[in-house]
Amino acid sequence: MPVIEIKTGKRVEIVDITGRVREAVEGGDGIAVIYTTHTTTAITINEAESGLIEDIVSTISRLVPKRAGYRHDRIDDNADAHLRAILLGNSVVVPVESGKLQLGTWQRILFVELDGPRMRRIIVKLVR
Ligand code: ZN
């Protein structure tokens, strides 16, 4: 089962993993599940336009501000990261036809780091 490992560089960061996923499903056919194994990361599909990437980061920061009285902050001070991850979701599903991801013209698979920098693991499972 292909695993994508990435090292993020910031606390909140969006990484376009489309190319890595494309390699992982090469030659296959079916449904690809792209799944993050962490509780403070997310995966979504959208455009990777640089202004939009900044907008996603600023919007989730506004929706779930840091240290807003969360109980989990008493343990490890990262409740905002968990809550942002819940809003965005931890997997996406993409059809794969003749080895090719069936993404729309502007669709990219985006990994969202919410409590970096860290090493992260993403599983790509192709269901035939
Ligand atoms: Zn935590």
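Each ligand, and each atom within it, is numbered from 1 in the order the structure gives.
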Next item on the list: Mind checking how many protein N/O/S atoms fall short of 2.8 Å from the Zn ion (ligand 1)?
Entry: 5
Checklist line | Any V64 side-chain heavy atom under 4.5 Å of Y70 side chain | finding: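 V64 vs Y70: side chains touch.
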Next item on the list: Would you list the pairs meeting side chain to side chain donor-acceptor pair (under 3.5 Å) in which at least one residue belongs to residues 21-36, sequence neighbours left out?
Entry: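 Listed by first then second residue: T36-T41.
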Item checked: Where at least one partner belongs to residues 48-63, residue pairs that pass side chain to side chain donor-acceptor pair (under 3.5 Å), sequence neighbours excluded ->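 Applying side chain to side chain donor-acceptor pair (under 3.5 Å) to every pair that reaches into residues 48-63, excluding sequence neighbours, yields nothing.
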Check: Could K66 and D73 be called an ion pair, given the rule that one side-chain N must be under 4.0 Å from one carboxylate O?
Finding: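 No salt bridge links K66 with D73.
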Check: If you measure from the Lys or Arg side-chain nitrogens to the Asp or Glu carboxylate oxygens, is any gap between E113 and R120 under 4.0 Å?
Finding: yes
Next item on the list: Only counting residues at least two apart or in another chain, list the ones meeting salt bridge (Lys or Arg N to Asp or Glu O under 4.0 Å) with D16.
Entry: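 In terms of salt bridge (Lys or Arg N to Asp or Glu O under 4.0 Å), with neighbours along the sequence ignored, D16 is linked to R108.
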